[in-house]
Chemist: 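Sharing a structure, written as structure tokens. Questions coming.
Values reported hereafter were calculated over all heavy atoms of this structure, with side chains retained and with hydrogens, waters and symmetry mates removed.
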Amino acid sequence: METTLNDIEQHGWFSRLNAWRQEHVSEKMFVLVLAFFVGLFAAVAAFVLHWIINQIVQVLTSQFDASSYNWLYLVYPVVGIYLTSLFVRYVVKDNISHGITRILYAISSNKSRLKPHNTWSSVIASAITIGFGGSVGAEAPIVLTGSAIGSNLGKLFRLDSHTLMLLIGCGAAGAIAGIFKAPIAGLVFTIEVLMIDLTMASLMPILVSCVTATCFTYIFSGDAALFSFHLDQGWTVQRVPACILLGVFCGLVSLYFIRTMSWAEGIFARFHDKPHVRLVLGGAVLSLLIFLFPALYGEGYHSINLLLNGQGEAQWNQILNNSPFAGQAAMLLPYIALVILTKVFATSATNGGGGCGGTFAPSLFIGCLSGFLFARLWNLHDVVGVYVPEKNFALMGMAGVMSGVMHAPLTGVFLIAELTSGYSLFLPLMIVSVSSYLTIIIFEPHGIYGARLAKEGRLITHHTDHAVLTLMQLDSCLERDYQAVEPDMELGSIVHKISRSRSSVLPVLDAAGTLLGEVDITKIRHVVFRIELYHHFTAAQLMQEPPATLSRQATMTEVMQTFDRTHADWLPVLGEEGRLQGYVSRQRIYTQYRKMVADMSED
């Protein structure tokens with residue numbers, strides 16, 4: 001794909017087209033055109049992915065006996081993970097897991113550039129994983145695909161990193177809008193999760209992408225919604241306490257999801273250099289769980305539709321089909337509770353074992369089951385005389401857990417409302433989502449996608465100062481044109497170096513380039529003009545320890561804090577074994593910072 005992009009750029013017709021575009025089409029109009037195509041391609045990718053998944057599932061499971069367990073559940077997931085790992089290792093040759101986290105990393109640390117293979121590799125890998133039973137979602141891979149399409153279209157026309165970030169947002173928004181036929185949810189997701197600021201410059205391109213993706217998805221797949229839902233009983237104010245408690249319950253479930261997922265990923269990370277061990281461990285856990293609880297197979301959307309549309313015990317009990325508990329109605333609630341507890345392990349085992357998928361669908365799945373379980377328990381032990389409809393609370397549970405896991409309450413509200421046409425439950429959806437979010441933030445300051453980057457100080461936020469510092473790169477501020485001296489260099493030679501230096505410090509390096517100290521020009525004035533002393537002092541005698549040193553991996557927030565603490569004008573940046581990489585100037589950082597703030601303010 002990289003070669004293809006380079007080939008396109010080198011063609012004469014493309015150069016002429018790009019030149020004509022720059023002359024006749026304004027930048028804002030051109031971004032809107034690109035947003036249209038990003039939305040179109042994102043819709044195509046979402047349709048292709050789900051079509052492939054459905055075809056694989058149909059071929060593999062259409063002959064299963066619903067009234068009993070099926071031994072093939074022990075085989076299919078392992079085969080899927082193995083095929084996916086082979087595809088990633090020998091075809092992609094790159095890490096494509098944690099799709100949305102990779103987008104956030106590209107925005108904060110890679111100038112909004114995603115690799116060309118991300119435009120297709122996640123589609124194939126996740127289709128194999130999910131089709132064979134991997135207990136993950138297709139949404140994160142499609143969001144990564146849409147964002148990669150936007151990034152690479154922008155790179156093709158050599159747009160700046162700020163515009164690339166906007167096109168990444170268009171791709172992500174178009175992907176969510178296309179998958180769920182929910183344009184508003186796509187817009188809100190981009191704002192809440194990817195932290196793309198909603199300005200007049202970004203609003204129209206993102207909306208164009210969302211509407212385009214939604215319209216083409218309707219063309220491709222018809223009017224049918226991903227989840228069907230029919231409201232049986234309207235919401236009443238007497239159910240406010242139940243909604244608040246459901247939100248708190250969903251917040252605690254979200255906390256369990258995030259903490260357990262992090263712990264399980266840590267287990268698999270210990271074997272990062274032993275793929276066969278990961279495959280055996282992940283495959284064994286996943287296969288056993290799916291054999292016991294077939295509801296964990298794939299995305300779990302079939303189970304969600306059962307709970308949202310079931311008209312009573314007989315239909316709800318169908319969730320037990322294909323399992324060792326089939327036909328045992330008394331096991332419904334214990335079964336659902338166990339599925340909620342084990343889903344996170346199934347998802348972790350899928351990705352940890354070598355599969356490819358996201359946590360978007362698992363959060364919807366767990367949320368639906370959590371809402372249904374809460375409602376059934378409430379109705380069984382009701383002490384206040386207020387009945388709560390299981391279907392309604394299953395729907396609200398989806399919004400609650402999604403809000404908690406992603407720290408995105410608005411996305412939870414609008415996605416579920418648009419997804420199921422459940423606008424009549426808009427107020428209780430808001431109550432549950434906000435309650436869940438307020439519960440989770442007590443324990444977890446960041447959502448599941450941003451937690452990894454937040455630990456590294458690389459998470460973009462809507463706070464302008466923090467966002468600018470996150471987007472700034474240490475390498476872009478690094479001054480490599482410095483005048484180094486040896487420890488035995490005499491003062492006379494040092495003065496000659498001073499005349500050519502652009503900074504107020506001269507690094508003292510040994511033969512290997514290791515920083516031994518630095519000569520501060522401002523502190524040797526008493527000897528620098530005395531020619532008779534030029535042969536009496538050496539750099540080793542005049543040097544001193546730097547106020548502090550920085551590593552190449554330091555974030556700009558850490559750099560600024562170091563400058564504030566030391567009051568230094570220049571700080572050295574060291575690489576491996578203390579080798580000097582260059583110097584950072586306080587003035588240069590402030591200049592770049594002010595420019596980026598001004599650029600963001602212009603939007």
Side-chain angles (χ1 to χ4, degrees), residues 46-87 123-139 141-142 179 221 224 226-228 279 282-310 314-328 331-332 335-336 338-339 342-343 345-347 349-351 353-358 360-362 364-366 368-369:
F47 174 77
V48 170
L49 174 56
H50 279 105
W51 183 84
I52 297 175
I53 291 173
N54 291 333
Q55 295 304 308
I56 296 175
V57 172
Q58 182 67 21
V59 170
L60 296 181
T61 64
S62 59
Q63 303 301 318
F64 279 5
D65 181 5
S67 63
S68 179
Y69 55 84
N70 295 273
W71 290 106
L72 287 175
Y73 278 133
L74 293 171
V75 179
Y76 288 158
V78 180
V79 174
I81 292 176
Y82 183 63
L83 292 176
T84 303
S85 62
L86 290 178
F87 171 75
V123 172
I124 298 175
S126 59
I128 298 171
T129 299
I130 298 170
F132 277 83
S135 195
V136 288
E139 292 74 21
I142 285 297
I179 292 171
S221 59
L226 189 58
F227 303 125
S228 56
L279 173 64
V285 171
L286 179 62
S287 297
L288 179 61
L289 289 177
I290 291 179
F291 175 75
L292 295 174
F293 311 107
L296 298 175
Y297 190 97
E299 296 171 292
Y301 287 168
H302 176 69
S303 299
I304 293 177
N305 277 312
L306 276 178
L307 297 181
L308 292 182
N309 294 288
Q315 294 185 10
W316 286 329
N317 287 337
Q318 292 179 23
I319 199 173
L320 299 170
N321 287 353
N322 300 119
S323 76
F325 313 102
Q328 303 179 39
M331 287 297 298
L332 178 62
Y335 181 88
I336 289 178
L338 288 171
V339 169
T342 56
K343 177 65 174 180
F345 292 101
T347 300
T350 303
N351 286 328
C356 177
F360 205 108
L364 288 175
F365 177 82
I366 291 178
C368 182
L369 269 64

Chemist: Does the side-chain contact (heavy atoms from CB on, under 4.5 Å) test come out yes or no for Leu286 and Val78, once each step is laid out?
Modeler: CA-CA 8 Å; Leu286 179 62; Val78 180; over 6 Å; no
Chemist: Looking at side-chain heavy atoms only, is the closest gap between Ile179 and His50 below 4.5 Å?
Modeler: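 They are in contact (side-chain heavy atoms under 4.5 Å apart), so the answer is yes.
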Chemist: How would you list, by chain and number, every residue that makes a side-chain contact (heavy atoms from CB on, under 4.5 Å) with Gln318, sequence neighbours excluded?
Modeler: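 Partners of Gln318 under the side-chain contact (heavy atoms from CB on, under 4.5 Å) test: Leu306, Gln315, Asn321.
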Chemist: If I take atom CE from residue Met331 and atom CD1 from residue Ile336, how far apart are they, to the nearest 0.5 angstrom?
Modeler: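 So the CE of Met331 and the CD1 of Ile336 are separated by 11.0 Å.
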Chemist: Find the distance between CG (Leu292) and OH (Tyr73) and round it off to the nearest 0.5 Å.
Modeler: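 Those atoms lie 12.0 Å apart.
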Chemist: For the atom pair OG (Ser323) and CD1 (Ile290), what is the distance rounded to the nearest 0.5 Å?
Modeler: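 If we round to the nearest 0.5 Å, Ser323:OG and Ile290:CD1 are 13.0 Å apart.
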Chemist: Rounded to the nearest 0.5 Å, how far does CG of Asn317 lie from CD of Gln328?
Modeler: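 Spacing of CD (Gln328) from CG (Asn317) equals 10.5 Å.
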Chemist: Compare every heavy atom of Leu307 with every heavy atom of Trp316, then report the nearest pair and how far apart it is.
Modeler: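 Looks like NE1-O, 3.5 Å.
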Chemist: Would you give me the side-chain donor-acceptor pairs under 3.5 Å for residues 126-135, sequence neighbours excluded?
Modeler:
residue, atom, partner, partner atom, Å
Ser126, OG, Ser122, O, 2.6
Ser126, OG, Val123, O, 3.4
Thr129, OG1, Thr84, OG1, 2.8
Thr129, OG1, Ala125, O, 3.0
Thr129, OG1, Cys356, N, 3.0
Ser135, OG, Leu296, O, 2.9
Ser135, OG, Lys343, NZ, 2.6

Chemist: To the nearest 0.5 Å, what is the distance between CD1 on Ile52 and CZ on Phe47?
Modeler: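 Spacing of CD1 (Ile52) from CZ (Phe47) equals 10.0 Å.
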Chemist: Can you give me the closest heavy-atom contact between Gly357 and Pro141, atom names plus distance?
Modeler: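 Reported closest heavy-atom pair: CA-CG, 4.0 Å.
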Chemist: Could you measure the distance from the CD atom of Glu299 to the CG atom of Asn54? Nearest 0.5 Å is fine.
Modeler: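 If I round to the nearest 0.5 Å, the distance is 8.0 Å.
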Chemist: Locate the shortest heavy-atom distance separating Ala295 from Tyr335; write the atom from each residue and the value.
Modeler: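 Heavy-atom minimum between the residues: N-OH, 3.5 Å.
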Chemist: How far apart are the closest heavy atoms of Thr347 and Gly358, and which atoms are they?
Modeler: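 Shortest heavy-atom contact: CG2-O, 4.5 Å.
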Chemist: Counting only heavy atoms not in Phe325, do more than 12 fall under 6.0 Å of its CZ?
Modeler: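 Atom CZ in Phe325 is packed in, count exceeds 12.
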Chemist: So do the side chains of Thr61 and Tyr297 get within less than 4.5 Å of each other, counting heavy atoms only?
Modeler: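 Side chain of Thr61 against side chain of Tyr297, heavy atoms only: contact under 4.5 Å found.
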Chemist: Just wondering, do Leu279 and Ile81 contact through their side chains at under 4.5 Å, heavy atoms?
Modeler: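 Of all side-chain heavy-atom pairs linking Leu279 with Ile81, at least one is under 4.5 Å.
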Chemist: If the condition is ring-ring contact (aromatic ring centres under 6.0 Å, His included), which residues does Phe365 pass it with, not counting sequence neighbours?
Modeler: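 So Phe365 forms no ring-ring contact (aromatic ring centres under 6.0 Å, His included) with any residue.
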